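A note on names: the letters A, B, ... follow the listed sequences, proteins ahead of strands, and every chain is numbered from 1. In this text the structure is predicted, and so the values were computed from the model without any measurement.
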Amino acid sequence: DGGITQSPKYLFRKEGQNVTLSCEQNLNHDAMYWYRQDPGQGLRLIYYSQIVNDFQKGDIAEGYSVSREKKESFPLTVTSAQKNPTAFYLCASRRTGGSLAFFGQGTRLTVV
Amino acid sequence: KQEVTQIPAALSVPEGENLVLNCSFTDGAIYNLQWFRQDPGKGLTSLLLIQSSQREQTSGRLNASLDKSSGRSTLYIAASQPGDSATYLCAVIPLDSNYQLIWGAGTKLIIKP
């Protein structure tokens, strides 16, 4: 079955630690996105990539980094510079020229 | 800058009622508007996509309307069921956005048996 897989489902980060969230898709989509979701707020765009080896900052990129070495994969690293990383993180993909975005099941990151 | 608002933030209704969820946006220059459903702790599932040239879309018990001139969309749910309980989000793609979605904060819907 085609879809987007995020892992892990739950992740705990210690203060000062970098952690990486995985996002893999087998939909052959060119565009991939990372969103952050906080209670009572709309989704906020962290980074997006329209093509392999290229990505752009979204509205809240500070403290995050990404890579796009393969079409299928778009991992997100939450660095120690992100002071308030506790949130629900959603990865999405979209076919070039298409409107529908497909979402993974999310990763809940908690700072301990 | 495009802003999307969903009111109310939460809604609780008895099973079987017809209901309407609201979404408003500040700029009518959009490619399309989408409604999504999100179950607790889960990702988003696309429900309906309305292109800018369309006035409404229907899928089963769901009907979504779009009025760009007033900056409003409604999601109508007929004969609500407990399984409809979820958070419903709307999002628009502005024409000048390089295809980026702008999101509302969602309406949390509870259908009481």
Side-chain angles (χ1 to χ4, degrees), chain A residues 3-11 21-25 27 29-51 54-61 87-110, chain B residues 1-11 21-26 30-54 57 59 64 66 73 86-108:
Chain A
I4 301 177
T5 302
Q6 288 187 242
S7 63
K9 186 173 182 179
Y10 300 97
L11 185 58
L21 285 60
S22 171
C23 178
E24 303 278 334
Q25 55 99 359
L27 299 166
H29 287 173
D30 290 304
M32 297 186 74
Y33 306 81
W34 274 106
Y35 291 95
R36 170 176 172 146
Q37 187 177 33
D38 295 281
Q41 298 189 36
L43 275 68
R44 291 184 290 170
L45 183 64
I46 304 172
Y47 268 98
Y48 64 100
S49 169
Q50 307 271 41
I51 196 169
D54 187 48
F55 48 83
Q56 285 78 41
K57 293 181 178 180
D59 299 322
I60 56 166
F88 191 55
Y89 291 86
L90 287 160
C91 178
S93 72
R94 182 179 60 81
R95 177 179 56 85
T96 300
S99 296
L100 278 177
F102 292 82
F103 283 80
Q105 290 299 296
T107 293
R108 183 164 299 281
L109 173 62
T110 303
Chain B
K1 182 181 177 183
Q2 177 77 266
E3 293 183 359
V4 180
T5 304
Q6 293 184 249
I7 296 174
L11 181 64
L21 304 181
N22 296 298
C23 173
S24 61
F25 47 97
T26 55
I30 61 173
Y31 282 114
N32 57 52
L33 182 144
Q34 300 178 61
W35 283 93
F36 293 84
R37 169 183 172 140
Q38 185 177 30
D39 292 292
K42 304 288 188 181
L44 278 65
T45 301
S46 180
L47 297 173
L48 289 164
L49 167 69
I50 311 176
Q51 301 289 359
S52 63
S53 59
Q54 298 174 322
Q57 281 286 330
S59 176
L66 175 64
S73 175
T87 296
Y88 291 81
L89 298 100
C90 69
V92 300
I93 298 182
L95 291 178
D96 62 351
S97 68
N98 194 23
Y99 257 82
Q100 301 310 317
L101 289 156
I102 307 298
W103 296 86
T107 294
K108 183 176 181 179

Q | Reference residue B/Gln6; test side-chain contact (heavy atoms from CB on, under 4.5 Å); the match among B/Leu89, B/Leu21, B/Asn22 | A | B/Leu89

Q) Should we say atom CD of A/Gln56 is surrounded by more than 12 heavy atoms from elsewhere, each under 6.0 Å from it? A) yes

Q) Is it the case that more than 12 heavy atoms not belonging to A/Ile51 sit under 6.0 Å from its CD1 atom? A) no

Side chain, backbone, both or neither: which part of [X] has a non-hydrogen atom closer than 4.5 Å to chain B?
{"X": "A/Gln50", "answer": "side chain"}
{"X": "A/Gln41", "answer": "backbone"}
{"X": "A/Leu90", "answer": "side chain"}
{"X": "A/Ala92", "answer": "neither"}

Q.
Are the side chains of A/Asp59 and A/Arg44 in contact, using a 4.5 Å heavy-atom criterion?
A. no

Q: Using a 4.5 Å cut-off on heavy atoms from C-beta on, say whether the side chain of A/Tyr33 contacts that of B/Leu101.
A: no

Q) Residue by residue, which of residues 31-38 of chain B have a heavy atom closer than 4.5 Å to a heavy atom belonging to chain A? A) B/Asn32, B/Gln34, B/Phe36, B/Gln38

Q: Mind checking side-chain hydrogen bond (donor to acceptor under 3.5 Å, both in side chains) for B/Gln2 and listing every partner two or more places apart, or none if nothing turns up?
A: B/Thr26

Q. Salt bridge (Lys or Arg N to Asp or Glu O under 4.0 Å) with A/Arg94: which residues, sequence neighbours excluded?
A. none

**Q.** Set of residues satisfying ring pair (Phe, Tyr, Trp, His ring centres under 6.0 Å) with respect to A/Phe102, sequence neighbours excluded
**A.** A/His29

